[in-house]
Amino acid sequence: MSIQQRLVRLNPRQQEAVRYIDGPCLVLAGAGSGKTSVITTKIAYLVQECGMSARRIAAVTFTNKAAREMKERVGQMLKGKQGHGLTVSTFHTLGLNIIRGELKALGYKPGFSLFDPEDAKALLRDLMNKDAQVDADQINRVQGQISSWKNDLVLPGQALSHAANDDEQYAARVYEAYVRHLKAYNAVDFDDLILLPVVLLRDDPEALARWRRKIHYMLVDEYQDTNVSQYRLVQMLMGERATFTVVGDDDQSIYAWRGARPENLVTLGEDFPRLRVIKLEQNYRSTGTILRAANTLISNNPHVYDKTLWSEMGQGEAIRVVVNRHEEAEAERVASEILTRRIKERAEWRDFAVLYRGNFQARLLELKLQHYQIPYKLSGGTSFFSRGEIKDAMAYLRLLINPADDNAFLRIVNIPRREIGPTTLEKLANYATEREIALFAACRELGLAEQLPTRAVERLSRFIHFIEGVRDRMDRGDALAAIREMMREMDYEAWLYQNASAPTIAERRMANVWTLIDQLEKSMNREPEDTASTDTETDSVESAISRLVLRDILEQQAEEDDSDRVQLLTMHASKGLEFPHVYLMGLEEELLPHRNAIEVGTVEEERRLAYVGITRARRTLTLTLARQRKAYGELMDCTPSRFLDELPDADLEWEGRADKEDPEKKQARGKDAIAGLRSLLG
DNA sequence: GGTGTGTCATTTTTT
DNA sequence: ATGACACACC
């Protein structure tokens, strides 16, 4: 299909958004208004119609999944070499590539480590424990504080001078030490992936010129989710030329609590007076009734840009509101309804989604779904990366590319057993701290022999020789082969068997490790065409390992799980998805809006969350609530959510509100229906 | 592999 | 209060 043919398929607003390329462009894209089509078509338009080289274009998203999907769709439009060198990545991957290309200017050495939040926490724990034993809660608070400082582009010096109280003062001092230590470890954390490029581009005109030459056009997805640093990054890269398109929806801003600044939508108009604002209000997803409900609800929030969604999908069914006696009845109701509705509507399991505010709400529902043998997929859960064996393997990988990574060193120096215990490590750490060198480097120092018994020194040096040997083989030949060989050589598998409660568990864990290494290999062999880096042969292991830490690959296999199941999701996790039939559970005060949100006065964001939930539905929407619910072990009476009052009454069909019917009889009738259906199905 | 004990969190989570 | 999970032990 030609680009002209694609354009014709778009509505006038979408076309305008694609065609306007001479200056800053803000696309206010309502839910289901085809924003991804606009972004992908615009990329194709820039290349095919405007003759811009794909390697001058960068499209940025927030999640790997979104980036992957966008890449996929653009790939279908741009054939052959046309798309070569195009950047479609997350903000973090873009930042990583900038850092990788500017190592010298930033004062980092090749093979730097990327600390995930857990590594960061370990470092903080270390730093904070120096003064006194601190509890996990306090560490978490400081970690959160540091993260928001970085998101807000506040450097340690500023944090220190602006600290409003003792707690902030303390956090700022830890922040300063934390940054210093990261640098010493030749490591960066996730927030640095945005912060460091911004600081670099701000302070180094040459670097700025380099990157402005490199990137001529930027497209940003989910712009309402950008934080201060991310906005600054876009702003710095684009400069006066301001050739960019950002797409967002202030009504779907649900991440303010983690630093997102929806007001960046407004700031954009102030920073770029020439900004062209285009609204996409035609919705291609939902029925008129559902959209009317969404519009009415969200009109209770203040708006800078007003937006009213409409569609040509017909009015559809009324929105049902089901009041249940208690939470168990609610779960029962949702499960049994899915069962019957699937038959009635000839739907598949995958056509249903159940959305809720907090993960704990899924528990009861799971039981009911299991009871009816309804297949379901629960979002969230323990990730691949939090498994111990994966962390071990990752620590080995990181130590191989960055011997200064003390976190990695400490994790695996005695895994498998090398008889290097806490006493040895403590002395080693003291020695290293005094001299301000890494633990790995300290093992080699002769002076260490004075602090430690010969046997301990021997064990340590055997360990570093082992690692260096592997590193050597990696540099000389096939890096992946060297890594696999390392795993076998140290017999990590035997260690797993020793430590697992059952052989089958050890087996599975070892398989996970091999999977990780396979993924690493895949990632290395992948053409580096989709990155803005100046990838060379030598840094490909390094960058592949960083991508692994950023979870860039791997999830793929989880995503491939396209089996036919009912989806259980938090409303947050549902953003960007759509389902024919949606159930929204727990529409009660203190749950949605959440009690904490009411307390701190962020009900507007809760309303947007409900809005996101509602707009996931294509055909039918069912809202449920319970009159009573157990919370913290106590039975509580619940009030229906204020959001229910904010929906158009005429479009709602209430069930169980009056509750005149005998509860016993009603329940029996429900059970009969299920029993009847089951017998019908044999 | 199964059982018992302790710890943890009950607001959302990506990178 | 409750349950899920990790870890230790049988």
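In what follows, every chain begins at residue 1, and chains take the letters A, B, ... in the order their sequences are listed.
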Engineer: With a 4.0 Å cut-off on heavy atoms, is Asn359(A) in touch with a base, just the backbone sugar-phosphate, or nothing at all?
Structural biologist: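 If one applies the 4.0 Å heavy-atom cut-off, Asn359(A) turns out to touch the sugar-phosphate alone, with no base involved.
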Engineer: For Ala597(A) and for Thr90(A), find the nucleotide of DNA chain B with the closest heavy atom, then tell me which residue's nucleotide is more 5'.
Structural biologist: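 The answer here is Ala597(A).
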Engineer: When you measure from the side-chain N and O atoms of Asn64(A) to the phosphate of dT14(B), is any distance below 4.0 Å, counting only OP1 and OP2?
Structural biologist: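 False: Asn64(A) side-chain N/O out of range (4.0 Å or more) of dT14(B) OP1/OP2.
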Engineer: Determine the contact category for Phe62(A): base if any of its heavy atoms lies under 4.0 Å from a base atom, sugar-phosphate if only primed atoms, P, OP1 or OP2 are that close, otherwise nothing.
Structural biologist: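 Phe62(A): backbone/sugar contact only, no base atoms under 4.0 Å.
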Engineer: Between dT12(B) atom P and Arg258(A) atom CZ, what is the distance in whole Å?
Structural biologist: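 So the CZ-P distance, Arg258(A) to dT12(B), works out to 13 Å.
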Engineer: Please walk me through it: do Arg100(A) and Glu542(A) pass salt bridge (Lys or Arg N to Asp or Glu O under 4.0 Å)?
Structural biologist: CA-CA 10 Å; Arg100(A) 184 150 273 132; Glu542(A) 277 86 350; over 6 Å; no
Engineer: Between dC5(C) and dT13(B), how many Å separate the two P atoms, rounded to a whole number?
Structural biologist: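 My reading of the P atoms in dC5(C) and dT13(B) gives 16 Å.
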Engineer: Specify the separation, in whole Å, of atom CH2 of Trp257(A) and atom P of dT14(B).
Structural biologist: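 These atoms are roughly 8 Å apart.
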Engineer: Ring centroid separation for Phe62(A) and Phe91(A), is it under 6.0 angstrom?
Structural biologist: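 Centroid separation for Phe62(A) and Phe91(A): below 6.0 Å.
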Engineer: Output the single nucleotide from dT15(B), dT11(B), dG3(C) whose closest atom is nearest the side chain of Arg363(A).
Structural biologist: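 Nearest to the side-chain atoms of Arg363(A), counting from C-beta on, is dG3(C).
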Engineer: Is the ring of His594(A) stacked on the base of dT11(B), with centres less than 5.5 Å apart and planes under 30° off?
Structural biologist: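 Stacking is present between dT11(B) and His594(A), given that their ring centres fall under 5.5 Å apart and the planes under 30°.
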Engineer: On DNA chain B, does the nearest nucleotide to Ile254(A) precede the nearest nucleotide to Arg508(A) from the 5' side, or the other way round? Give the residue.
Structural biologist: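 Closer to the 5' end of DNA chain B: Arg508(A).
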Engineer: Please confirm whether the shortest side-chain N or O distance from Thr570(A) to OP1 or OP2 of dT11(B) is below 4.0 Å.
Structural biologist: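 No, outside the criterion.
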Engineer: Kindly determine whether Asn324(A) and Arg333(A) satisfy side chain to side chain donor-acceptor pair (under 3.5 Å), including the steps that lead there.
Structural biologist: CA-CA 8 Å; Asn324(A) 301 275; Arg333(A) 184 61 198 269; 4.9 Å; no
Engineer: In this structure, how many angstroms lie between the P atom of dT11(B) and the CD atom of Glu605(A), rounded?
Structural biologist: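 Going from CD in Glu605(A) over to P in dT11(B) covers 16 Å.
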Engineer: Could you state the CE-C1' distance from Met585(A) to dT11(B), rounded to the nearest angstrom?
Structural biologist: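 Computing the Met585(A):CE to dT11(B):C1' distance gives 16 Å.
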Engineer: Taking CG from Asn596(A) and C1' from dT13(B), how many angstroms apart are they, rounded to a whole number?
Structural biologist: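 Rounded to whole Å, this separation is 16 Å.
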Engineer: Return the orientation label for the Tyr223(A) and Tyr231(A) ring planes: parallel under 30°, perpendicular over 60°, tilted otherwise.
Structural biologist: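 Tyr223(A) vs Tyr231(A) ring planes: perpendicular.
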Engineer: Between C1' on dT12(B) and OH on Tyr255(A), what's the gap in Å once rounded to a whole number?
Structural biologist: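 Distance, rounded to whole Å: 7 Å.
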Engineer: Within this structure, what is the CG-to-P distance between Leu364(A) and dT2(C), rounded to whole angstrom?
Structural biologist: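 The answer, rounded to whole Å, is 13 Å.
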Engineer: What's the gap between dT14(B) and dT10(B) when it is taken at their P atoms, as a whole Å value?
Structural biologist: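 Going atom to atom, P in each nucleotide, I get 14 Å.
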Engineer: What's the CG-P distance between Leu378(A) and dC5(C), to the nearest Å?
Structural biologist: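 That distance rounds to 10 Å.
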Engineer: Please report the closest heavy-atom contact between Asn186(A) and Asn402(A), naming both atoms and the distance.
Structural biologist: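 Where Asn186(A) meets Asn402(A) most closely, the heavy atoms are O-ND2, 3.3 Å.
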